[in-house]
Amino acid sequence: MRAVWLREFGGPEVLVPGPAPDPAPGPGQVLVEVAHANITFVETMFRATGFGPFAGDLPMIPGNGVGGTITDVGPGVDRALVGRTVVTGTGGSGGYAERVVVDRDAPVPVPPGLPLDAAVAVLADGRTALLLARAAELSRGDRVLVEAAAGGVGTLLVQVARRAGATVVAAAGGPAKVTLLRAADVDVAVDYREPGWTDRVRDAVGAVDVVFDGVGGALAREAFDLLDPGGRMVSFGLAGGTWADIPEDVAAARGVTLRQPRARPDELRALTETALAEAAAGRLRPLIGQRFPLDRAAEAHAAVEARSTVGKTLLDVR
């Protein structure tokens with residue numbers, strides 16, 4: 001089968017297309033014929049440094065989220081699963097390929113009427129957006145700042161916050177992304193690369209009640225300073241290179257709570273199912289901003305790292 005190999009850690013160029021043995025499902029496993037694979041920022045970090053939530057010995061085929069069709073099952077697995085359209089995590093490897101083997105309980109069925117590429121775009125980002133909203137305990141009337149609001153998680157989080165009745169301030173880097181957010185009907189859109197961006201937020205809505213921090217670093221501290229007493233800050237990304245570094249005692253002195261979203265595996269699956277159902281009903285609309293064929297995975301990683309992407313980036317395998 002066709003695949004993309006990671007043989008050493010480094011820049012995007014270390015992702016090299018090449019053949020790989022066809023996988024075969026063992027006991028309790030299923031074989032998925034992959035149509036699309038998603039790309040996350042965490043995957044680019046792992047490729048560059050070897051650090052992150054994934055593990056594996058080189059050489060390996062990277063990739064953690066895919067969508068496709070179950071085409072075979074291993075011993076002890078109901079053959080009625082064959083032909084089912086699903087999305088699934090892979091455990092952190094194997095996704096950048098035409099076929100992948102996963103445990104039979106890993107795939108989540110794609111609801112009728114939801115295109116497979118949209119389902120893949122929602123797979124990780126949709127459940128993350130729902131988990132973040134739950135951690136923040138959003139309520140009607142909240143003033144909510146979403147950083148990295150033009151990204152895969154950010155675009156969905158904006159929608160979730162608006163449906164909760166919040167006033168949404170969407171912050172992104174660069175005028176093109178801000179224009180996109182204004183077209184998405186947010187209440188306020190600002191460019192956090194411009195000096196004085198927090199002043200524009202204060203002029204528009206005053207302080208904020210919730211910050212969803214998808215950037216980290218110095219920008220996270222600037223956003224933190226916008227919070228009113230009783231505010232909540234939830235971190236979900238480090239597009240700026242480092243996590244938010246807000247000391248607990250500083251937050252406590254301001255009357256702000258720092259919240260880390262957590263969920264058990266069964267809760268994550270339930271959130272995935274909910275996100276897919278919401279997307280099928282048209283209440284959660286993923287933005288697929290760019291697509292690359294499988295053998296151009298290196299270009300896809302480079303685009304994500306350059307912060308030139310919007311929404312979700314997909315590899316089209318078939």
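This chain uses plain numbering: 1 for the first residue, then up along the sequence.
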Exercise. Rounded to the nearest 0.5 Å, how far does CG of L145 lie from CG of D213?
Worked result: 9.0 Å
For this session: Let me see the working for R318 and E33 under salt bridge (Lys or Arg N to Asp or Glu O under 4.0 Å), right down to the final yes or no.
Result: CA-CA 9 Å; R318 295 199 176 275; E33 193 87 11; 2.3 Å; yes
For this session: Rounded to the nearest 0.5 Å, what's the gap from CG on L132 to CZ on F236? Could you check?
Result: 6.0 Å
Problem set entry | R79 bridged to D72 by N-O distance under 4.0 Å | yes
Problem set entry | NZ/NE/NH1/NH2 to OD/OE distance under 4.0 Å, R269 and E273 | yes
Problem set entry | Sole candidate of V110, L123, V87 that passes side-chain contact (heavy atoms from CB on, under 4.5 Å) when paired with L276 | V87
Problem set entry | Side-chain donor-acceptor pair present, S139, D142, cut-off under 3.5 Å | yes
Exercise. Any salt bridge between D191 and K177, counting N to O under 4.0 Å?
Worked result: no
Problem set entry | Salt bridge present between R232 and D209 (N-O < 4.0 angstrom) | no
For this session: Please test R47 against E305 for salt bridge (Lys or Arg N to Asp or Glu O under 4.0 Å), starting from the C-alpha separation and ending with a verdict.
Result: CA-CA 11 Å; R47 184 220 72 234; E305 287 183 324; 2.7 Å; yes
Problem set entry | Approximate separation, where rounding is to 0.5 Å, of L58 CG and L6 CG | 5.0 Å
Exercise. Thinking salt bridges, do D266 and R264 make one under a 4.0 Å N-O criterion?
Worked result: yes
Problem set entry | Electrostatic pair D22:R99 at N-O distance under 4.0 angstrom | yes
Exercise. Does R2 make a cation-pi contact with Y96 (under 6.0 Å, within 45 degrees of the axis)?
Worked result: no
Exercise. Salt-bridged, E194 to R200, with N to O below 4.0 Å?
Worked result: yes
For this session: Verify the cluster assignment for V108 and L284: are they in a single hydrophobic cluster under the rule of side-chain heavy atoms below 4.5 Å apart?
Result: no
Exercise. Any idea which heavy atoms bring V201 and L226 closest together, and the distance?
Worked result: CG1-CD1, 4.0 Å
For this session: Considering only NZ, NE, NH1 and NH2 on the basic side and carboxylate oxygens on the acidic side, decide whether D117 and R291 come within less than 4.0 Å.
Result: yes
Problem set entry | Any E43 side-chain heavy atom under 4.5 Å of N38 side chain | yes
For this session: Please determine, by modelled atom types, if T167 and R143 share a side-chain donor-acceptor pair under 3.5 angstrom.
Result: no
For this session: Determine whether S93 and M60 make a side-chain contact, defined as any pair of heavy atoms from C-beta on separated by less than 4.5 Å.
Result: yes
Problem set entry | From CG (D125) to OG1 (T272), nearest 0.5 Å | 11.0 Å
Problem set entry | Spacing of M233 atom CE and T257 atom OG1 [to the nearest 0.5 Å] | 11.0 Å
Exercise. Between CG of L15 and CD1 of I61, what distance do you get to the nearest 0.5 Å?
Worked result: 11.5 Å
Exercise. With a 4.5 Å heavy-atom cut-off, do L287 and L180 have their side chains touching?
Worked result: yes
Problem set entry | Lys/Arg-Asp/Glu bridge criterion (N-O < 4.0 Å) met for E278, R163 | yes
